[in-house]
Enquirer: 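Have a look at this one before I ask anything.
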Amino acid sequence: KTIEEITGVHEIAALKEAVTAASDNLQECTQRLTELRSTLDDQNAFHKDLSTKYHEMMSNRSSWTDADVHAFAAITAEEGKARGAVDETRAALANAEEAWHAAQTTYLDAVRQRYHEEQVYHDKWRVLGTYWTWILIGLNSVVFVVGQALHYRRESRRLQSLHDMIKPLAVA
């Protein structure tokens, strides 16, 4: 956990969760919008049927009976209720569309922020990786130079000891 805090992985995980939450909210808003549009279509069809019956009765009003008058009154009341339901659903649909646009904006902002932060995170690690690579190259070079110096010193001593062994023989 400490390593995650030092490296910043927990921030990336929090951003991923924010994107997931925003995505879920957007899906819920989309589903609500779809349901409201379907309901509005059904209510418009029902209102259209009632309106057609209303106009048919109005065109035959000269031959109405008492039953037709009561049916006309019932249709008029139903048509008014249907029109009110359509208006309410349209208002709810407008609110749902605004909520959907807000959810979409929130989702896109969350995705954009996550992408940006991940890019910053990767750039930071790329820079650190570059520094570590140069440090390792420098360390390797130092080890190589020290190794060569020790090798030269050892070979010089061997050569000197060999020279010291051969010198008495050369004098004799």
Enquirer: Do F46 and I75 land in one hydrophobic cluster if side-chain heavy atoms of ILVMFWY residues count as linked below 4.5 Å?
Expert: no

Enquirer: Would you say that E118 contacts H122 through its side chain, given a criterion of any heavy-atom pair below 4.5 Å between the two side chains?
Expert: yes

Enquirer: Count the heavy atoms of every other residue, nucleotide or ligand shown that sit under 6.0 Å from CZ of R157, and state whether that count exceeds 12.
Expert: yes

Enquirer: Is V142 reachable from L150 through a run of hydrophobic residues whose side-chain heavy atoms are each under 4.5 Å from the next?
Expert: yes

Enquirer: Got a sec: does the CH2 of W64 have more than 12 other heavy atoms crowding it under 6.0 Å?
Expert: yes

Enquirer: So, for A96 and R32, which heavy atoms are closest and what is the spacing to 0.1 Å?
Expert: CB-CG, 4.4 Å

Enquirer: When rounded to the nearest 0.5 angstrom, what is the spacing between CD in E88 and OG1 in T39?
Expert: 12.5 Å

Enquirer: Are the side chain of S38 and the backbone of T34 linked by a donor-acceptor contact shorter than 3.5 Å?
Expert: no

Enquirer: When you check the gap from the basic side-chain N to the acidic O, do E155 and R158 get nearer than 4.0 Å?
Expert: yes

Enquirer: State, yes or no, whether a side-chain contact exists between Y121 and V9 at a heavy-atom distance under 4.5 Å.
Expert: yes

Enquirer: May I ask you to test the T105-D109 pair for a side-chain heavy-atom distance under 4.5 Å?
Expert: yes

Enquirer: Just wondering, more than 12 heavy atoms not from K81 lying within 6.0 Å of its NZ?
Expert: no

Enquirer: Can you name the nearest heavy-atom pair linking A22 to A110, along with the distance?
Expert: CB-CB, 4.3 Å

Enquirer: Any side-chain heavy-atom pair from M57 and T76 closer than 4.5 angstrom?
Expert: no

Enquirer: In the structure I gave you, are the side-chain heavy atoms of Q104 and H101 within less than 4.5 Å of one another anywhere?
Expert: yes

Enquirer: Using 0.5 Å steps for rounding, measure from the CG atom of L15 to the CZ atom of R112.
Expert: 13.5 Å

Enquirer: Working to the nearest 0.5 angstrom, can you tell me the gap between S161 OG and L159 CG?
Expert: 8.0 Å

Enquirer: Looking only at heavy atoms, what is the nearest atom pair of S63 and D68, with distance?
Expert: O-OD2, 3.9 Å

Enquirer: Could you pull out the closest heavy-atom pair between T89 and L36, with the gap in Å?
Expert: CG2-O, 3.9 Å

Enquirer: Do M58 and R61 come within less than 4.5 Å of each other through their side chains, counting heavy atoms only?
Expert: yes

Enquirer: Hydrophobic cluster membership, with links at side-chain heavy-atom distances under 4.5 Å among I/L/V/M/F/W/Y: are V19 and L108 in one?
Expert: yes

Enquirer: Counting only N and O atoms by type, is there a donor-acceptor contact under 3.5 Å from the side chain of T106 to the main-chain atoms of A102?
Expert: yes

Enquirer: Could you tell me whether R83 and E79 make a salt bridge, using a distance below 4.0 angstrom between a side-chain N and a carboxylate O?
Expert: yes

Enquirer: How long is the gap from CG on L33 to CG on L26, to the nearest 0.5 Å?
Expert: 10.0 Å

Enquirer: Applying the 4.5 Å side-chain criterion to the ILVMFWY set and letting contacts propagate, would W125 and I12 be lumped into a single cluster?
Expert: yes

Enquirer: Using 4.0 Å as the upper bound for N to carboxylate O, is an ion pair formed by D123 and R126?
Expert: yes

Enquirer: May I ask you to decide whether R37 forms a salt bridge with E97, counting only side-chain N to carboxylate O separations under 4.0 Å?
Expert: yes

Enquirer: Can you tell if the side chain of H55 reaches within under 4.5 Å of the side chain of S51, non-hydrogen atoms only?
Expert: yes

Enquirer: Let me see the working for S141 and I137 under side chain to side chain contact (heavy atoms under 4.5 Å, CB included), right down to the final yes or no.
Expert: CA-CA 6 Å; S141 297; I137 288 172; 4.3 Å; yes

Enquirer: OH/Y131 to CD1/I135 distance, rounded to the nearest 0.5 angstrom?
Expert: 9.5 Å

Enquirer: Begin with the C-alpha distance, continue with both residues' side-chain angles, and end with the deciding distance and a verdict on side chain to side chain contact (heavy atoms under 4.5 Å, CB included) for T20 and E17.
Expert: CA-CA 5 Å; T20 302; E17 290 174 12; 5.5 Å; no

Enquirer: So if I apply the side chain to side chain donor-acceptor pair (under 3.5 Å) rule between W100 and each of N95, N25, T30, which one comes out positive?
Expert: T30

Enquirer: Do F72 and L50 share a hydrophobic cluster, counting only Ile, Leu, Val, Met, Phe, Trp and Tyr and linking them when any side-chain heavy atoms are less than 4.5 Å apart?
Expert: no

Enquirer: Which heavy atom in Q43 sits nearest to a heavy atom in A85, and how many Å separate them?
Expert: OE1-O, 3.1 Å

